[in-house]
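First the structure, in the form of structure tokens, and then the observations on it.
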2 protein chains.
Amino acid sequence: MTPSSRGPSNDLRRAGLTRDRVLGAAVQLADEEGLDGLSMRKLAKRLGVEAMSLYNHIPGGKERLLDGMVDFVFDEIDVPAQDGAWKQELRDRAVSTRAALRRHPWAVGLMEARPNPGGSNRRLHESALACLRNAGFSVEEAIRAYSVQDAYIYGYALQERTLPLDTGDAWRGVAKTQLGDADRELDAYPSTTQVLRHIAVHGFSHDEQFLVGLELILDGLEQRLHGSKKA
Amino acid sequence: MTPSSRGPSNDLRRAGLTRDRVLGAAVQLADEEGLDGLSMRKLAKRLGVEAMSLYNHIPGGKERLLDGMVDFVFDEIDVPAQDGAWKQELRDRAVSTRAALRRHPWAVGLMEARPNPGGSNRRLHESALACLRNAGFSVEEAIRAYSVQDAYIYGYALQERTLPLDTGDAWRGVAKTQLGDADRELDAYPSTTQVLRHIAVHGFSHDEQFLVGLELILDGLEQRLHGSKKA
DNA sequence: ACCTGAACACCGTTCAAGT
DNA sequence: ACCTGAACACCGTTCAAGT
């Protein structure tokens with residue numbers, strides 16, 4: 001009568017532990033509790049199993065688990081098309097990358113630091129480079145464009161991780177609190193105070209800030225592209 | 001006859017444990033073994049003491065120790081002057097920041113993530129903002145300029161941490177090794193292969209790459225500055 | 001005031017033993 | 001083939017006890 005009794009073999013149980021299931025649970029645990037909260041023992045408990053049995057599915061231990069988790073995040077990033085609209089494609093990739101890193105803040109410091117890049121990482125890398133090459137960037141300029149844009153995206157994600165606030169109200173509140181705390185120090189840091197006052201009134205938007213900076217970089221790359229074509 | 005016997009009081013010993021000495025030893029340990037290698041127990045051993053006695057000098061435990069270490073790194077970054085040469089001042093600050101992060105790679109992910117910023121951090125922040133304001137940037141544009149440039153600097157440091165190679169020879173070697181490893185995959189990743197071939201021949205320079213990207217951003221900020229002045 | 005030993009509640013990982 | 005208990009070598013931190 002139970003559904004499982006009708007399965008093809010009755011030893012599948014409710015377990016069916018898989019590399020993918022372990023990876024998914026690990027990402028979820030890190031999303032909820034951060035990288036410090038991710039331990040082999042806690043992860044095992046979530047999967048209804050003892051810590052030692054994880055090593056049957058993740059051969060390299062925790063280090064390889066992290067490799068897999070990082071590639072899991074890379075897989076969530078949209079791969080750019082390789083036709084001529086390079087600026088739009090790169091902008092989309094940047095927005096998509098930032099969104100993935102907001103969902104998985106623990107990944108920011110790991111994405112570019114893994115010695116063994118996974119398949120999703122390599123495919124994304126390849127597509128972005130191809131997109132730039134097809135648009136007319138030389139190999140050298142494609143490397144440069146990729147480097148500058150990636151530095152900006154990951155650096156911005158690093159900043160945003162500290163204060164991932166969405167609404168103008170939240171920002172106004174933070175600025176007012178800091179102005180209240182500082183009080184006696186306002187004279188020593190006049191420009192900082194000015195900035196806090198500005199945010200306390202006008203708020204702040206990560207969405208807008210990120211996009212404006214991104215546009216500045218894309219425009220700079222476009223100028224380099226046209227400059228090199230003329231030369 | 002021994003030097004110490006002539007000291008003002010003989011109970012100073014060789015210990016004289018201080019917050020500053022603990023901080024210095026912690027930075028050195030992290031430089032040598034990375035953040036994972038920094039434990040209260042190992043740090044204590046270096047200072048000739050048991051782990052528990054560190055808590056007498058670093059009240060908040062390891063978390064506050066990290067706060068202190070981060071501000072130790074901020075203190076090594078040159079503070080920009082506040083006169084009109086904003087472009088040169090910001091360039092110098094960027095170069096100085098990257099150099100500090102190369103000396104202390106463990107700090108990259110921590111610099112902007114501490115909830116309680118230290119004095120050196122706040123002074124640097126204030127000076128950079130003041131430099132921008134004095135150059136004619138509005139409050140809003142100063143925030144933007146600071147954000148874009150910092151994202152680039154820290155993001156670049158994040159990339160560089162993975163492969164902190166200095167010489168063209170080292171880069172050529174890495175590229176050749178990767179081309180050898182990949183072999184069967186070269187067809188699947190043609191643009192990546194092209195990039196590796198380019199580096200295998202021409203090498204690569206972090207110094208140059210960082211500066212070119214930095215200039216692209218500074219030029220973009222300059223255009224925004226002039227645009228807003230006219231408007 | 002500063003240092004310490006013992007203890008607590010955790011880690012990642014190995015390995016022999018189970019089924 | 002997969003899971004586990006016990007064990008090892010580590011963590012950060014508290015606390016009562018020493019001097």
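Sequence lines set the chain letters: A, B, ... in the order given, protein chains first and strands last, and positions in each chain run from 1.
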Practice item. Figure out the CD1/P separation between Ile58(B) and dC2(C), and round it to whole Å. Key: 13 Å

Study note, to complete from the structure: With the side chain defined as heavy atoms from C-beta on, Met52(A) is closest, among dC3(C), dT13(D), dT4(D), to dT4(D)

**Study point:** Between His202(B) and Phe204(B), ring centroids under 6.0 Å
**Key:** no

Point to revise | Atom-to-atom span, CG of Asn56(A) to C1' of dC15(C) - whole angstrom | key: 13 Å

Revision key, fill the gap. Leu17(B) atom CG is separated from dA1(C) atom C1', nearest whole Å, by 13 Å

**Study point:** Out of dC3(C), dT13(D), dT13(C), whichever nucleotide has its closest atom nearest the side chain of Val49(B)
**Key:** dC3(C)

Exercise for review: Compute the ring centroids of His125(A) and Tyr189(B), then answer whether they are less than 6.0 Å apart.
Suggested key: no

Check your understanding: When you measure from every atom of DNA chain D, which of residues 27-45 of chain B have a heavy atom less than 4.0 Å away?
Key -> Leu38(B), Ser39(B), Met40(B), Arg41(B), Lys42(B)

Review point. Given Asp166(A) and His206(A), is the side chain to side chain donor-acceptor pair (under 3.5 Å) satisfied, shown in steps?
Key: CA-CA 7 Å; Asp166(A) 266 327; His206(A) 270 306; over 6 Å; no

Exercise for review: Answer yes or no: does a side-chain N or O of His57(B) lie under 4.0 Å from OP1 or OP2 of dC3(C)?
Suggested key: yes

Exercise for review: Step through the shown structure and confirm whether more than 12 heavy atoms of other residues, nucleotides or ligands are within 6.0 Å of CZ on Arg46(B).
Suggested key: yes

Practice item. Return the nucleotide paired to dC10(C): Watson-Crick means purine N1 to pyrimidine N3 with N6-O4 or O6-N4, wobble means G-U with N1-O2 and O6-N3, both under 3.5 Å. Key: none

Check your understanding: Is the gap between the ring centers of His198(B) and Trp171(B) under 6.0 Å?
Key -> no

Exercise for review: Look through every strand shown and name the nucleotide pairing with dC2(D) as Watson-Crick or G-U wobble, where both distances are under 3.5 Å.
Suggested key: dG18(C)

Exercise for review: Flag the pair Phe210(B) / Tyr156(B) as yes when their ring centroid distance falls below 6.0 Å, and as no otherwise.
Suggested key: yes

Check your understanding: Between dT4(D), dT13(C), dT4(C), which one does the side chain of Glu50(A) approach most closely?
Key -> dT4(D)

